[in-house]
Amino acid sequence: MPPDANTLTALPMTTSQTLYVAFAAKIDAILATLEAEAVLPAGSPRGNVSVEPPRDAAHGDLATNAAMVLAKHAATNPRALAEKIVDHLTRDPLIESAEIAGPGFINLRLAPAVWREEIAAIAALGDSYGKSDMGAGTTVNVEYVSANPTGPMHMGHCRGAVVGDALASLLEFAGHKVIREYYVNDAGGQVDTLARSAHLRYREALGEDIGEIPEGFYPGAYLIPVGEAAAQEFGDRYQRADEAEWLAVFRAFAVERMMAVIKSDLAQLGIKHDVFSSEAALQAAGKPEAAEAWLRAQDLVYDGVLEAPKGKAPPEDWEPVELPLFRSTQFGDDQDRPIRKSDGKWTYFGADLAYHMQKAETADALIDVWGADHAGTVKRIKAAVAALSAGNGDVTPFDVKLVQMVQLLRDGEPAKMSKRSGNFITIADMVEEVGKDVVRFTMLTRKPEAQMDFDFAKVVEASKDNPVFYVQYAHARICSTLRKAAEAGITPSDTHLDLLTEADLALVKQAAQFPREVEAAARAREPHRIAFYLYDLAAAFHAFWNLGNDNPEKRFILEHKADVSAARLFLASQIGQIVRNGLAILGVEAVEEL
RNA sequence: GCGCCCGUAGCUCAGUCGGAUAGAGCAUCGGAUUCCUAAUCCGGGGGCCACAGGUUCGAAUCCUGUCGGGCGCACCA
């Protein structure tokens, strides 16, 4: 225990240290002392000791279960042990009181000075308040969206896009280096269909009557401009040519156009990837072959025959075929998985396996954000990463975040979103209708693994009940108050923070949770927690604000009490800072006026 | 049939490494506006945390089983 452990000067102004960590360290030190005094047996396991704010604020600022967890080891009862711990705690001048409650909790109340210092810390750190060095600068590759380049983005992609992007920002805020990556599936059969569909529109642009779009082509009108651009680019050179002549050309041409559309859709959501990886380029570089060779050398790929699918009637054209199979069953999958098709081309999985190996070369950890419709492929890709990273000598941590389906409703009616039918609602439509901030915040106000309905009509019509406005309103109110204060000639100042009341400090306590929330959310990889935290913070602020309705002494702007007013405005300004920091993680704008 | 996800108030959802009397919003009922933004706030009613066992000082939370909903289940992506 360092000699200055009883002062907060031991609390360095780094981005990692939180108030709660500092007090947890104090309690840990006390437990060490008790061991030295033989109150506790040496080496008592302290892993389950928690130091955290109690759920009910009436219980104080901090609570620890130390006495309950360790009583058995000390051969005593929790309350007796708690008294010994409390003896030490009350010697700390920053701890105003320590009480034993319930089955043996120790509830602490911290001195007001602690909270005043926290206000100063927020001000000093500004946009960095809440940042953590938990990530220790390690690189995390977050792959998200990765929509097939066969059309504009639709609602099905939207949730994964927002969650992935917020997750990436959250991890950055928590001290990771983050690579935001998009895997472009530009090598499969769907891209051939895209090329043929674009060629059809190209002939149309050249004046042919193509009639109804035949089965097996993408009918969407979004291909019309692609056809026109192709006509511009190629003239009539490919109009009557054999498919073999133009297929590759149109594939590349159409994919490029589609990616431009997708990037523009993403930009509307405020999303920008660092890296776009092409499946075709991956294959051209021979990465799947390299992966296969390595896996064969490990006997993790063999030639074998798949069993017929169970539990339902097998497809009519099913027949046993020998294929190169990856032994994913060795890693917990239900069956081994083919990496090549019977025509010798790579399966999606075969290429994806090589792709993950490639990603692992430049990152310490990988995260994929997928739609829940791909849940069935999680085990095999996890198996693949486990096998491949074992080859690098160390295991690359790998996590797949499944984002559940969004049921899109319009006036209660389900809206279909199949690209093939050409009938879908695009991101662009949606952002135009409800706005980026509403889309993003709404997608982040429930945990991603739960299904959600998104009723278009409801979100638009009831938009004033949308939580995003509630949070933004808190920020706008703060900004407005600061403007008003400036007009009245009052400048926010930290010189009289000692004049702040209990109610003021209650607000600070809530604000001081932010760094904890960031770390918890980053650890769990759940950005939605930030959204809920901001909602709660906004609620606390609004409640505080309304105290001023009943009691004018509790307002922010008090012309007759410039000292208190300056301090309270300083506090308000820091609350605003936290709202900004939190919204920045979510990619939502912190507006200054509504 | 198998795998994964979900099941918490009438509805939509939170719930930290297992912690104290399970919380919000909407809806409903009753209040607050000569005043810094009422797009706000305060209060009431509303619960078998799907069900049954187990683990332990303590379970909405962890384990097992059952029921209900969603997604997936040969070489598609």
Problem - Phosphate-side-chain proximity, A/Tyr470 and B/C41, N/O vs OP1/OP2 below 4.0 Å - result: yes

Practice task
Check the geometry between A/His59 and B/A20 and answer yes if their rings are stacked (centres below 5.5 Å, planes below 30°), otherwise no.
Solution key: yes

Fill in the blank from the handout: Separation of B/U12 atom P from A/Phe441 atom CZ, nearest Å, is 20 Å

Problem - Comparing A/Leu558 and A/Val51 on RNA chain B - which has the more 5′ nearest nucleotide - result: A/Val51

Exercise for the section: Could you tell me the separation between the CZ atom of A/Arg337 and the C1' atom of B/G3, rounded to a whole number of Å? Expected result: 10 Å

Completion exercise
Answer for the Watson-Crick or wobble partner of B/G1, both distances under 3.5 Å, is B/C73

Exercise for the section: Please measure how far the C1' atom in B/C6 lies from the corresponding atom in B/A77, and state the result in whole Å. Expected result: 25 Å

Completion exercise
Answer for the Watson-Crick or wobble partner of B/G58, both distances under 3.5 Å, is none

Exercise for the section: Identify the nucleotide, in any strand shown, that forms a Watson-Crick or G-U wobble pair with B/A9, with both distances under 3.5 Å; if there is none, say none. Expected result: none

Handout entry: Test of ring centre spacing under 6.0 Å for A/Phe441 and A/Tyr535
Key = no

Problem - A/Tyr355 and A/Tyr183 aromatic centres sub-6.0 Å - result: yes

Handout entry: A/Trp346 side-chain N/O to B/C75 phosphate OP1/OP2 under 4.0 Å
Key = no

Exercise for the section: Please check if any side-chain donor atom of A/Glu181 sits under 3.5 Å from a side-chain acceptor atom of A/Ser277, or the reverse. Expected result: yes

Practice task
Return the nearest nucleotide to the side chain of A/Arg529; candidates are B/A77, B/C75, B/C17.
Solution key: B/C17

Exercise for the section: Identify whether any heavy atom of A/Glu593 sits under 4.0 Å from a base atom; if not, whether one sits that close to sugar-phosphate; answer base, sugar-phosphate or nothing. Expected result: base

Practice task
Check whether any side-chain nitrogen or oxygen of A/Arg380 sits under 4.0 Å from OP1 or OP2 of B/C73, and answer yes or no.
Solution key: no

Problem - Among B/G72, B/A77, B/C36, the nucleotide that comes nearest once only the side chain of A/Ile557 is considered - result: B/C36

Exercise for the section: Can you figure out which of B/A39, B/C36, B/A14 approaches the side chain of A/Phe532 most closely? Expected result: B/A14

Exercise for the section: Take the angle between the ring planes of A/Trp545 and A/Phe541 and call it parallel below 30°, perpendicular above 60°, tilted in between. Expected result: tilted

Handout entry: Any A/Lys379 side-chain N or O less than 4.0 Å from OP1/OP2 of B/G3
Key = no

Problem - Whole-Å P distance, B/U61 and B/U16 - result: 11 Å

Exercise for the section: Establish, from distance only, whether the side-chain atoms of A/Arg477 and A/Tyr473 form a donor-acceptor pair under 3.5 Å. Expected result: yes

Completion exercise
For B/G65, the nucleotide meeting Watson-Crick or G-U wobble distances (both under 3.5 Å) is B/C51

Exercise for the section: Under 4.0 Å between any heavy atoms, over every strand shown, what does A/Asn65 touch: base, sugar-phosphate, or nothing? Just pick one. Expected result: base

Handout entry: A/Arg523 vs A/Ser480, nearer the 5' end of RNA chain B by closest nucleotide
Key = A/Arg523

Handout entry: Pairing nucleotide - B/A14, Watson-Crick or G-U, each distance under 3.5 Å
Key = none

Problem - Residue from A/Glu519, A/Arg516, A/Arg523 passing side-chain hydrogen bond (donor to acceptor under 3.5 Å, both in side chains) with A/Ser132 - result: A/Glu519

Exercise for the section: Any chance you could measure A/Phe556, atom CZ, to A/Ser565, atom OG, to the nearest 0.5 Å? Expected result: 9.5 Å

Practice task
Ignoring backbone atoms, establish whether A/His542 has a side-chain N or O less than 4.0 Å from OP1 or OP2 of B/G25.
Solution key: no

Handout entry: Check ion pair A/Glu99-A/Arg109 (N to O, under 4.0 angstrom)
Key = no

Completion exercise
The Watson-Crick or G-U wobble partner of B/G45, with both key distances under 3.5 Å, is none

Problem - Nucleotide nearest A/Arg516 (side chain, heavy atoms from C-beta), chosen from B/A77, B/G3, B/U16 - result: B/U16

Practice task
Return the stacking result for B/A20 and A/Phe105: yes when the ring centres lie under 5.5 Å apart and the planes under 30°, no otherwise.
Solution key: yes

Exercise for the section: Between B/A77, B/G15, B/U37, spot the one nearest the side chain of A/Glu526, thanks. Expected result: B/G15

Practice task
Write down the partner of B/A22 under the Watson-Crick or G-U wobble criteria, each distance required to be under 3.5 Å.
Solution key: none

Completion exercise
Looking only at B/A20, B/C75, B/A38, the nucleotide nearest the A/Asn549 side chain is B/A38

Problem - Distance, P atom - from B/G23 to B/G43, rounded to whole angstrom - result: 14 Å

Problem - Distance, rounded to the nearest Å, where A/Gln472 contributes CD and B/U37 contributes C1' - result: 15 Å

Practice task
Could you work out which one of B/C42, B/U40, B/C5 sits closest to the side chain of A/Ala543?
Solution key: B/C42

Completion exercise
When both distances are under 3.5 Å in a Watson-Crick or G-U wobble arrangement, the nucleotide paired with B/U34 is none

Exercise for the section: Kindly point out which of B/C4, B/U37, B/C6 is positioned nearest to the side chain of A/Lys447? Expected result: B/C6

Handout entry: Of the listed nucleotides B/U40, B/C75, B/G19, the one nearest the side chain of A/Asn546
Key = B/U40

Practice task
Quick one: label A/Arg446 by what it contacts on the DNA or RNA (base, sugar-phosphate, nothing), any heavy atom closer than 4.0 Å.
Solution key: sugar-phosphate

Exercise for the section: Mind calculating the distance between CD (A/Gln404) and P (B/G7) to the nearest angstrom? Expected result: 11 Å

Fill in the blank from the handout: Out of B/U16, B/U40, B/G15, minimum distance to the side chain of A/Glu52 belongs to B/U16

